[in-house]
Engineer: 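Let me begin by handing over the structure; questions about it come next.
A note on names: the letters A, B, ... follow the listed sequences, proteins ahead of strands, and every chain is numbered from 1. Values reported hereafter were calculated over all heavy atoms of this structure, with side chains retained and with hydrogens, waters and symmetry mates removed. From a predicted model like this one, the values you see are computed outputs, not experimental measurements.
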Amino acid sequence: MLKSIAVRVSQGSQTIPDPRQASPAGFRGKPLIASTDCASGCEACVAACPTAAITLNPVAIDLGRCVLCGDCEPACPSAKISFSNDVRMAATDRQALTVSQRRPELDPIKVNQALRKRFGRSLKLRSVSAGGCNGCELEVNALTNVNFDIGRFGIDIVASPRHADGLVLTGPITRNMAQALQLCWDAMPEPKLVIAVGACAISGSPFEGSSAIDRAFLGRFAPTLYVPGCPPHPLTFIRGVLDLLGIAS
Amino acid sequence: MMGPTKSVLMALTQDLRPLGLNAWAAACAQAMAAGERLLTLFGRPDEDGGVITTAIMLGNENGESRLNVLRGRGRPGDTFASLTTAYPAAQMFERELWEQTGLQPAGHPWLKPVRFEGTRQQHMDDYPFFSVRGQEVHEVGVGPIHASVIEPGHFRFMCHGEQVQHLEIQLGYQHRGIEALLLQRPPLGLSAMVESIAGDSSIAYVWGYCAAVEALAGVQVGFESEKVRGVALELERVAMHLGTLTGMATDIAFLQGGATYGRLRTAIINAVMRVCGSRFGRGWLRPGGVRFGLTPALRQDLLGTLAAFSKDFALINDLMRNARSVQSRLQGVGTVSLKAAQDLGLVGLVARACGVGFDTRASLPGRLYTAHPVSVLHEDSGDCWARLTLRMREIDASVRWVREVLEAPGTDLTLTSILPVGKLRPDTLCVSVREGFRGPVVQALETGCDGSLLHYKVQDPSLVNWFGEALAVRNNEISDFPICNKSFDLSYCGNDL
C-alpha cells in the first residue's frame, strides 16, 4: 500500500492540460518556407526528399507526402526550408495539405456541424493498421495514455468495429490487408468516417511504386480528416479531431 | 594484433565462389555442427536466371566471434537437403528462401509461406493450417485485426478445452514490398525508408544501413558520431522496453503500472525529440554521421531526464515485481525452455530470457562496445516473468551505459558536420548487425558491377522469434495468449517487410 502511494506521489499529474495550448519542445513539425530566392536551377531539396513531397517554382511541400525527416533542410544551399514545432497540420481536404511561402498556414479546420451533432460528445474509433510500421500505431496508442488522455474529450479507441463511429487508418494499405480492411469497414454501422493517420495512409508516398500496395479502398471512401506526420505527433491528431468536432479544450 | 570484432562484414563477390546447392547446404550443416550460429540465410536472383544463396554464420576463432559467409548457387525449382530436419534454427530461413526464390528444401517439415509475397499476394485464405482432430478439440481464430491498436496478424489456436495444444501464426498482412523498393531508389537516399522497415526500431535499422553504406564507400565515421549513435540506440531500447512493460501491465490489469510506465516512456521519447525533432529518432542518424550532435546543454538535458527517470522507474518496478497478483499471473506462464530456444535459434531478449547468453553488442563489439562494453544479461525461467524482469534490467543497464558515455571526462559530442559518403564499392557484399531492442537486426547489401545495389536483404529478429511464441503458449490456457504475445512484443512489419 505504501509503495503504491509512493508511486502515485512520484506520478504527480502528467496530463497535458490543454492540447490546444501545448507546443512540444524540439518537435520537427510544420515546415517554414522562407522568402529567400532559390539558386538558379537548384533542385537540391527535391533530390534530398525521399517521398517526392517537394515541388518547385514556387517551393511547396505536400504534407500528405512529407515524412518530416528534415533531409531537405541541410540540403538547401539558400536556407529556404526550415521546420517549426507547430503541430497544426491536420486538414479536412487532401488538396489543402500543401504549404508554400505564399500559403504558410493550413486553413483552420472548420467545425463540421453535422459531425459535431452526432459525435461531438462521444466518438468511438477503431484502429486498423494496413501496413503501418508501428510508428503510427504507437502514437495512436499514446493518445490514450495519461499524458494525452483523449478519453476526457469523449474520444475512445474501441475493440470492435460494431462499436465504432470512425476508422483510424494507418499504413499504406497492403494488398494482403485490403480485404480485411474492407470487412472491418463493412462491419461498422452508419454513419461512419475515416481518419487517415500518417503519410502512408494519406498518400502511400513512402511506399509508392510498390506492387504490394493496393489503395483502392481510399478511392471508395475519402477520409474526413487527414493527420500528417511520420508518425504524426499525438497532438496533431488531437487538435485535428477537436477542431473538426468543435470540442472545447 | 586483430582489432575488436566488427559488426560489419565486407567481402568481394569474386572471393565468394558459390558452391553447388547441396554442397552449400552440407557446408552450412557442417558449420552449425561445429557450433556456429546461423545468423541469416537467404537467396537472390542472379543475372542468368539462377539463384545465389547466402548463409551468414557467427563463428568463433581464437576466442573472438567472427562473421563467415557461405555461398551457393542453384536454379529455381532445384532441391537441396533441408537443414531444418537436423537444425530447426534454419526453418524460417528455408521457408523464406523457398518463397522468394523457388528453391526447394527437401524434407522441410513445415514448408509454408512466410508472408505471401510475389504471386502469392492476396491469397491469405490459402494458408495450410496444421489441424488437430479429436473429441473436444476446437479451433479459435483471431485476427488479422485485433482488439487493441496493434499491427495485423492471424493467430489460430488448436485447443482441447481451454488448453492450447498448438498455436499457428500466419503473417504477411503487413507485406509492403520493402526489399524490392530499396533497390528502386538511390542507395544513399534510403534512410527514411529504412527507418520505417520496423518503425519501432528505427535507430537499429538506420544505424545498420549507415554502417553498411559507409563500409561500402570506404568511409569511417568519427568515434564521437558512433557514441551518439550508441546513445540513440540505447534510448530506443529504453523507450520500447517501457512500451512493452506498459502493455504487459495493462494486459494483466495492473493499472498503476500501465499509467506509470506509459508516462515514463513519454519522458524518454520527448527527450529524444528535443535532440533530433522526432519521438522515434527519425532523421537523427544519416550516412556519414549524425545530423544532430549532443551539445553540452542537450547532454545535461538527457542526463537530467535519465536521473529523474531512474528514480521513478525503481519505485514502480519494486511495486510491480513484489505484487503477488503480478507474480502469480506471470510466473510459469508462456515458458520456452533453454533447449527449445537454442534449437530454434531464438535471438535477442526473448532468447536471453531463456538463458541464452547472446547479445551481438558483446559478441561483435567493434570500436564502440570495446571502449564501452555491454554485459550480457539473462534470466533462466523463460516465462513471461523472465521477459518482464529482463526488460526492467536491460532498461537499467541501458541507462547506465548512456550515462557512462555522456559523463566520460573530456567527451565532446557536439558534432556539427556529416562526412561525405561517395560511390559504393562495386561487386561487394556487406553485412551489418545491430542489436535492437528485440535482438539482432541483420542487413545484407550487395553491389553490382557499377556500384548500384543488386540486393538488399533485411532480417528482423522477429522472423525467427515468432515460432518461439507459438511454442510458448502450448499447454497454456488460451486466455494466457495476450500476455504471452505482449511479453514477446515481436514485429509484424519487420517479419512481413
Engineer: What residue in B:Gly283, B:Ala147, B:Gly143 has the most heavy-atom pairs under 4.5 Å with chain A?
Structural biologist: B:Ala147

Engineer: Measure distances from B:Phe116 to the heavy atoms of chain A and classify the residue's part below 4.5 Å as side chain, backbone, both or neither.
Structural biologist: both

Engineer: So which residue, B:Arg274, B:His123, B:Arg265, B:Gln121, ends up with the most heavy-atom pairs under 4.5 Å with chain A?
Structural biologist: B:Gln121

Engineer: With a 4.5 Å cut-off on heavy-atom pairs, point out which of A:Gly229, A:Ala48, A:Ala6, A:Gly70 contacts chain B the most.
Structural biologist: A:Gly70

Engineer: State, to 0.1 Å, how close A:Asn141 and B:Val149 come at their nearest heavy-atom pair, and which atoms those are.
Structural biologist: ND2-O, 3.2 Å

Engineer: Any chance CZ of B:Arg324 has more than 12 other-residue heavy atoms, nucleotides or ligands included, within less than 6.0 Å?
Structural biologist: no

Engineer: Looking at CG of B:Leu319 and CG of A:Leu2, how far apart are the two atoms once the value is rounded to the nearest 0.5 Å?
Structural biologist: 11.0 Å

Engineer: Let's test your reading of the structure: which of A:Asn85, A:Val146, A:Asn147, A:Val128 forms the most heavy-atom pairs below 4.5 Å with chain B?
Structural biologist: A:Asn147

Engineer: Relative to chain A, which segment of B:Ile150 carries a heavy atom at a distance below 4.5 Å: side chain, backbone, both, or neither?
Structural biologist: backbone

Engineer: Which of residues 206-213 of chain A get closer than 4.5 angstrom to chain B, counting heavy atoms alone?
Structural biologist: A:Pro206, A:Phe207, A:Glu208, A:Gly209, A:Ser210, A:Ser211, A:Ala212, A:Ile213

Engineer: For a 4.5 angstrom cut-off between non-hydrogen side-chain atoms, does B:Asp312 reach A:Gln11?
Structural biologist: no

Engineer: Sort out for me which of B:Arg120, B:His175, B:Lys311 touches chain A most, counting heavy-atom pairs under 4.5 Å.
Structural biologist: B:His175

Engineer: I need the residue from A:Gly131, A:Ser127, A:Ala130 with the largest number of non-hydrogen atom pairs under 4.5 Å to chain B.
Structural biologist: A:Gly131

Engineer: Please classify the contact between B:Ile145 and chain A as side chain, backbone, both or neither, with a heavy-atom cut-off of under 4.5 Å.
Structural biologist: both

Engineer: What part of B:Met320 lies closer than 4.5 angstrom to a heavy atom of chain A: side chain, backbone, both or neither?
Structural biologist: neither

Engineer: Determine the option with the most heavy-atom pairs under 4.5 angstrom with chain B, choosing from A:Cys136, A:Gly132, A:Ala142, A:Cys200.
Structural biologist: A:Gly132

Engineer: With a 4.5 angstrom heavy-atom cut-off, which part of B:Ser148 approaches chain A: side chain, backbone, both or neither?
Structural biologist: backbone

Engineer: Is there a side-chain contact between A:Cys133 and B:Arg176 (heavy atoms, below 4.5 Å)?
Structural biologist: yes

Engineer: Using side-chain heavy atoms (C-beta onward) and a distance below 4.5 Å, is A:Asp214 in contact with B:Gln122?
Structural biologist: yes

Engineer: List the steps and the verdict of side chain to side chain contact (heavy atoms under 4.5 Å, CB included) for A:His233 and B:Arg279.
Structural biologist: CA-CA 8 Å; A:His233 195 287; B:Arg279 288 170 23 119; 3.8 Å; yes

Engineer: Considering only heavy atoms, which portion of A:Phe83 lies under 4.5 Å from any heavy atom of chain B: side chain, backbone, both, or neither?
Structural biologist: neither

Engineer: Report the distance from atom CG of A:Leu68 to atom OG of B:Ser278, rounding to the nearest 0.5 Å.
Structural biologist: 9.0 Å

Engineer: Please determine, among B:Arg263, B:Met124, B:Arg115, the option with the most heavy-atom pairs under 4.5 Å with chain A.
Structural biologist: B:Arg263

Engineer: With salt bridge (charged side-chain N to carboxylate O under 4.0 Å, His left out) as the rule and sequence neighbours excluded, what pairs involving residues 177-191 of chain B come up?
Structural biologist: B:Glu179-B:Lys457

Engineer: Shorter than 4.5 Å, heavy atoms on both sides: which option in B:Gln184, B:Glu117, B:His146 has the most such pairs with chain A?
Structural biologist: B:His146

Engineer: Mind ranking A:Arg8, A:Glu137, A:Gln14 by heavy-atom pairs under 4.5 Å with chain B and telling me who comes out on top?
Structural biologist: A:Gln14

Engineer: Quick check for you: to the nearest 0.5 Å, what is the distance between A:Asn176 atom CG and B:Asp496 atom CG?
Structural biologist: 8.0 Å

Engineer: If you compare all heavy atoms of B:Phe280 against all heavy atoms of A:Gly135, which two are closest, and at what distance to 0.1 Å?
Structural biologist: CZ-O, 3.9 Å

Engineer: Taking the side chain as everything from C-beta on, heavy atoms only, tell me whether A:Ser129 gets closer than 4.5 Å to B:Gln174.
Structural biologist: yes

Engineer: Determine the option with the most heavy-atom pairs under 4.5 angstrom with chain B, choosing from A:Asn145, A:Leu138, A:Val67.
Structural biologist: A:Leu138

Engineer: Sort by residue number and list every member of residues 152-162 of chain A having a non-hydrogen atom under 4.5 Å from chain B.
Structural biologist: A:Ile157, A:Val158, A:Ala159

Engineer: Report which part of A:Arg126 has an atom under 4.5 Å of a heavy atom belonging to chain B: side chain, backbone, both, or neither.
Structural biologist: side chain

Engineer: Return the CD1 to CG distance between A:Ile5 and B:Leu315, rounded to the nearest 0.5 Å.
Structural biologist: 12.5 Å

Engineer: Non-hydrogen atoms of chain A under 4.5 Å away: do they reach the side chain of B:Glu151, the backbone, both or neither?
Structural biologist: both

Engineer: Counting only non-hydrogen atoms closer than 4.5 Å, does A:Ser205 touch chain B with its backbone (N, CA, C, O), its side chain (CB onward), both, or neither?
Structural biologist: backbone

Engineer: Using heavy-atom distances under 4.5 Å, tell me whether B:Ala259 contacts chain A through its side chain, its backbone, both, or neither.
Structural biologist: both

Engineer: Any idea which of B:Thr250, B:Leu188, B:Asp125, B:Thr266 has the most non-hydrogen atom pairs under 4.5 angstrom with chain A?
Structural biologist: B:Thr266

Engineer: Quick one: do the B:Gln256 and A:Ser4 side chains pair a donor with an acceptor below 3.5 Å?
Structural biologist: yes

Engineer: Non-hydrogen contacts under 4.5 angstrom with chain B: give the residues of residues 17-29 of chain A involved, or none if there are none.
Structural biologist: A:Pro24, A:Ala25, A:Gly26, A:Phe27, A:Arg28

Engineer: Which atoms of B:Tyr261 come close to chain A, meaning under 4.5 Å heavy atom to heavy atom: side chain ones, backbone ones, both, or neither?
Structural biologist: neither

Engineer: Give the minimum heavy-atom separation between B:Arg291 and A:Asp71, together with the two atoms involved.
Structural biologist: NH1-OD1, 2.7 Å

Engineer: Is any side-chain heavy atom of B:Arg282 closer than 4.5 Å to a side-chain heavy atom of A:Cys69?
Structural biologist: no

Engineer: Is any side-chain heavy atom of B:Asn322 closer than 4.5 Å to a side-chain heavy atom of A:Lys3?
Structural biologist: yes

